[in-house]
Amino acid sequence: MFNKILIANRGEIACRVIKTARKMGIETVAIYSDADRQALHVKMADQAIHVGPAPANQSYIVIDKVMQAVTQSGAQAVHPGYGFLSENARFAQALEQAGIAFVGPPVGAIEKMGDKITSKKIAQEAGVNTVPGYMGLINDAEDAVRIANDVGYPVMIKASAGGGGKGMRIAWNDDEAREGFQSSKNEAANSFGDDRIFIEKFITQPRHIEIQVLCDSHGNGIYLGERECSIQRRNQKVVEEAPSPFLDQATRQAMGEQSVALAKAVGYASAGTVEFIVDGDRNFYFLEMNTRLQVEHPVTELITGVDLVEQMIRVAAGAPLSISQDDVTLTGWAIENRLYAEDPYRNFLPSIGRLTRYRPPAETTTYTPGTAAGDVGDIVVRNDTGVFEGGEISMFYDPMIAKLCTWAPTRDAAIEAMRVALDSFEVEGIGHNLPFLAAVMDHPKFVSGEMTTAFIEEEFPDGFDGVNLPESELRRIAACCAAMHRVAEIRRTQVSGRMDNHARRVGNSWVVTLQGCEFALKLTADPQGTTVEFEDGENIRVASDWRPGHTVARLATDDAPLVLKVDKITQGFRIRSRGADLTVKVRRPRQAELAALMPEKLPPDTSKFLLCPMPGLVVKVDVEVGQTVEAGQALCTIEAMKMENILRAEKKAVIHELRASAGDSLAVDDVILTFET
Ligand code: ADP
Ligand code: ADP
Ligand code: MG
């Protein structure tokens with residue numbers, strides 16, 4: 001076994017690999033860029049080597065610099081994580097030449113699977129189902145239209161070198177085929193320096209289901225069940241789970257066996273993933289093979305009990321697999337939510353800045369998967385992260401902050417555990433998608449397991465602007481807020497020094513308003529909790545250990561757990577829970593009467609301004625003063641976090657003044673241009 005390995009990556013995946021290496025008694029070496037001097041993976045590793053400036057193409061993915069670090073450190077092996085150099089055959093080759101082990105598959109397998117056209121041909125020869133389509137290259141837009149007609153609409157136009165959801169378009173007719181061909185080609189040329197395009201059938205009602213495989217260099221190969229990854233935004237995964245609620249055992253086995261056959265056909269050795277698209281009738285078709293550790297590998301670890309990183313390292317050291325297909329059992333259910341620094345209220349634009357608060361839910365490992373079935377009621381919470389409170393989310397890298405996973409014996413229990421974990425997760429200082437994830441976890445279609453890759457597009461067609469909770473939930477929250485407010489008031493009168501009976505002075509009648517609803521409540525407190533009575537006679541029993549100053553309240557209403565994020569405001573609280581962001585006012589009846597008479601304060605009108613939604617660089621401004629723009633028309637392009645974001649007009653308007661131009665660096669809410677009124 002190795003004594004020392006270098007991890008050629010950053011963020012959560014570098015931290016995750018370090019954990020297993022440490023468990024195996026292997027020393028670890030981190031690499032880092034200027035932006036990552038204080039990063040968690042640097043702190044966790046035994047040794048850390050600087051590899052260059054912040055942009056990845058000047059540090060983490062410069063093969064020479066990484067190789068230099070490898071030599072300098074004396075590491076015997078390199079784990080590449082995902083992204084970066086993980087699927088770079090030249091890097092694997094450089095390591096091979098230097099006599100360093102690559103914790104990944106052989107160079108040949110990376111090359112063959114790195115290209116979508118080549119890999120599809122190999123898959124076909126290995127007896128794997130592939131998506132019907134045209135296997136050749138497409139030369140021009142008219143060619144694309146002709147082939148699309150042969151394949152039959154709808155079609156998927158794809159870049160052979162594509163990855164990360166880039167270089168891909170659906171076309172439903174000739175015009176879209178022409179346009180899709182051109183934009184896929186451009187995107188592929190820009191992102192991958194390779195503009196080869198092919199066309200295949202677009203599978204309708206598609207689910208993305210993938211198989212985890214594990215092979216050694218002695219000819220052994222096994223599969224570790226599947227992951228369902230259908231919840232995607234713009235072809236990027238957001239929520240994953242294992243097993244899939246859609247597969248039966250026969251389909252699982254067929255997919256697993258085809259995946260292992262494909263892996264063996266390319267002499268695969270290491271962990272890898274074969275991605276399939278599955279239609280409504282459970283026909284499955286090969287999409288691509290990812291020759292690396294996958295982002296969402298924890299859900300597989302949670303249901304199989306296999307540490308995939310440990311297996312990868314063992315295989316790279318030449319050991320045979322320590323488990324056979326018969327040893328693989330799938331126990332319970334695991335769900336992963338990807339927490340992204342993307343602001344759901346601003347069309348998921350990337351958000352950067354300092355994490356003024358970062359408190360993940362406590363990790364629990366009461367159950368060791370694979371060793372026992374686990375009693376019903378057991379849950380596991382796992383949070384893979386590369387950040388810490390006070391740290392900075394920079395514009396240079398992937399916006400993923402953490403991967404929150406829950407495991408439970410059943411799918412419903414795993415979902416419920418995830419809801420509670422999300423409600424307990426505190427992140428402040430940057431925009432993030434926690435509320436959106438909470439909304440997905442509560443969505444009936446997700447809960448029923450009947451989702452396709454179109455889920456987010458279909459269920460959130462106008463984006464996401466927060467959750468409106470049903471009245472039953474509002475009542476629970478109102479009752480809790482009244483009980484908490486009473487506690488806060490008692491504390492306040494104590495602090496103000498009055499020594500008489502505080503509880504009595506605080507009073508028992510309260511009016512709670514939230515999300516446009518008003519409830520008049522009567523409270524009866526005893527040492528175990530508070531009984532809250534509504535005007536219509538409903539009673540809710542509230543128990544909690546919340547104290548003024550706590551930012552998370554763990555309560556129970558009639559014994560059902562409820563977790564609220566709590567910020568004190570005048571006469572009440574700002575409450576965040578289940579994807580909703582509520583201003584909850586708790587007033588005495590007389591105060592409530594007066595409040596009702598107050599004119600409503602309106603937020604400032606910013607509709608005349610186009611504000612910059614995130615810190616970034618103006619790439620171009622598409623409009624001129626005096627120009628009339630239609631709703632949806634592009635106004636300006638801002639680059640942030642390696643992504644170009646096009647800002648569009650929300651309605652028809654006339655441009656009044658331009659305040660920014662190409663090359664300007666802008667902060668959040670800087671004015672880019674103004675509209676005439
Ligand atoms: P990438 O390399 O970018 O991950 P994939 O080929 O894996 O590209 O496709 C990414 C996603 O696009 C899939 O998860 C699926 O949602 C969708 N997709 C790809 N090909 C098809 C297809 N032929 N029909 C329907 N959806 C597809
Ligand atoms: P998945 O593993 O879920 O299929 P992808 O294939 O889209 O996801 O990519 C894996 C991960 O690597 C993603 O989180 C993506 O953002 C990241 N990634 C992809 N390309 C790069 C790159 N060039 N540099 C850094 N990270 C990358
Ligand atoms: Mg893919």
Side-chain angles (χ1 to χ4, degrees), residues 343-346 353-359 389 422-432 434-435 438 465-469 471 473-496 502-503 505-521 523 525 530 532 540 542 544-555 557 562-604 606 668-669:
D343 194 335
Y345 306 119
R346 292 172 180 243
R354 197 163 293 284
L355 281 168
T356 54
R357 186 177 280 269
Y358 177 79
R359 312 245 168 113
E389 187 164 297
L422 289 170
D423 278 344
S424 319
F425 209 136
E426 296 183 81
V427 182
E428 308 282 354
I430 54 155
H432 56 76
L434 274 175
D465 56 4
V467 165
N468 276 324
L469 293 174
E471 193 187 320
E473 279 301 304
L474 293 178
R475 281 178 173 246
R476 293 177 75 201
I477 293 173
C480 290
C481 286
M484 293 189 312
H485 189 71
R486 181 175 169 280
V487 171
E489 284 296 288
I490 292 172
R491 164 70 71 85
R492 201 165 62 85
T493 53
Q494 278 168 344
V495 169
S496 71
H502 304 287
R505 284 183 42 79
V506 163
N508 293 322
S509 294
W510 297 96
V511 175
V512 179
T513 53
L514 71 172
Q515 199 183 290
C517 292
E518 184 172 287
F519 301 104
L521 307 176
L523 274 57
T530 308
V532 180
I540 295 182
V542 177
S544 120
D545 59 0
W546 182 83
R547 289 286 166 272
H550 289 188
T551 48
V552 174
R554 283 162 218 288
L555 308 112
T557 61
L562 178 65
V563 181
L564 306 176
K565 266 164 251 170
V566 181
D567 291 296
K568 187 80 189 83
I569 56 174
T570 320
Q571 295 188 336
F573 307 97
R574 174 187 180 198
I575 295 292
R576 280 170 291 174
S577 181
R578 294 288 150 96
D581 191 338
L582 304 166
T583 299
V584 184
K585 292 288 188 178
V586 187
R587 302 181 174 106
R588 294 170 211 284
R590 177 68 187 142
Q591 288 173 329
E593 268 171 45
L594 293 174
L597 300 174
M598 298 282 281
E600 207 178 320
K601 223 193 271 166
L602 293 171
T606 54
V668 174
D669 288 343

Novice: Which heavy atom of Ala553 sits nearest to which heavy atom of Trp546, and what is that distance?
Specialist: CB-CD1, 3.4 Å

Novice: Just verifying a value: how many Å separate Ile477 CD1 and Phe519 CZ, rounded to the nearest 0.5 Å?
Specialist: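 Reported to 0.5 Å precision, the distance equals 10.0 Å.
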
Novice: Closest approach of His432 and Val427, non-hydrogen atoms and distance?
Specialist: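 Nearest pair, atom of His432 first, then Val427: NE2-O, 3.1 Å.
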
Novice: For Val511 versus Pro589, what's the shortest heavy-atom pair and its separation?
Specialist: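 Distance-wise, the nearest heavy atoms are CG2-CA, 3.8 Å.
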
Novice: If you measure from SG on Cys481 to CG on Leu514, what distance do you get to the nearest 0.5 Å?
Specialist: 7.0 Å

Novice: Could you grab the distance from atom CG of Leu594 to atom CZ of Arg588, nearest 0.5 Å is fine?
Specialist: 12.5 Å

Novice: Quick check for you: to the nearest 0.5 Å, what is the distance between Arg554 atom CZ and Leu562 atom CG?
Specialist: 11.0 Å

Novice: What distance do Lys568 atom NZ and Arg492 atom CZ have between them, rounded to the nearest 0.5 Å?
Specialist: 8.0 Å

Novice: Mind listing the closest non-hydrogen atom pair of Cys517 and Leu474 along with its distance?
Specialist: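 Closest heavy-atom pair between Cys517 and Leu474: SG-CD1, 3.8 Å.
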
Novice: Of all residues at least two apart in sequence or in a different chain, which pass the side chain to side chain contact (heavy atoms under 4.5 Å, CB included) check with Thr513?
Specialist: Glu518, Lys585, Arg587

Novice: Of all heavy-atom pairs between Ala438 and Gly579, which one has the smallest distance, and what is that distance?
Specialist: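 Between these two residues, the closest heavy atoms are CB-N, 3.3 Å.
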
Novice: State, with a plain yes or no, whether a side-chain heavy atom of Val584 is found less than 4.5 Å away from one of Met484.
Specialist: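 They are not in contact (no side-chain heavy atoms under 4.5 Å apart), so the answer is no.
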
Novice: So, does Gln515 use its side chain to make a donor-acceptor pair with the main chain of Leu469 at under 3.5 Å?
Specialist: yes

Novice: Any salt bridge linking Glu489 with Arg486? Criterion: basic side-chain nitrogen under 4.0 Å from a carboxylate oxygen.
Specialist: no

Novice: Would you find a donor on one side and an acceptor on the other, under 3.5 Å apart, between the side chain of Ser577 and the backbone of Val563?
Specialist: yes

Novice: Would Arg359 and Thr551 count as having a side-chain donor-acceptor pair, cut-off 3.5 Å?
Specialist: no

Novice: Is there a salt bridge (charged side-chain N to carboxylate O under 4.0 Å, His left out) between Asp581 and Arg574? Walk through the geometry before answering.
Specialist: CA-CA 7 Å; Asp581 191 338; Arg574 174 187 180 198; 2.7 Å; yes

Novice: So do the side chains of Val467 and Pro435 get within less than 4.5 Å of each other, counting heavy atoms only?
Specialist: no

Novice: The criterion is side chain to side chain donor-acceptor pair (under 3.5 Å); which residues satisfy it with Gln591, sequence neighbours excluded?
Specialist: none

Novice: For Arg346, which residues count as a side chain to side chain donor-acceptor pair (under 3.5 Å) partner, sequence neighbours excluded?
Specialist: Asp669

Novice: If you look at every heavy atom in Val512 and Ala478, which pair is closest and at what distance?
Specialist: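 So the two residues come closest at CG1-CB, 3.8 Å.
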
Novice: Please report the interatomic distance CD(Glu426) to CG(Leu434), rounded to the nearest 0.5 Å.
Specialist: 10.5 Å

Novice: For Asp423, is there an ion pair with Lys565 - N to carboxylate O distance below 4.0 angstrom?
Specialist: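 The answer is no: the pair does not qualify as a salt bridge.
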
Novice: Looking at Thr356 and Glu428, would you say the former's side chain and the latter's main chain have a donor-acceptor pair under 3.5 Å?
Specialist: yes

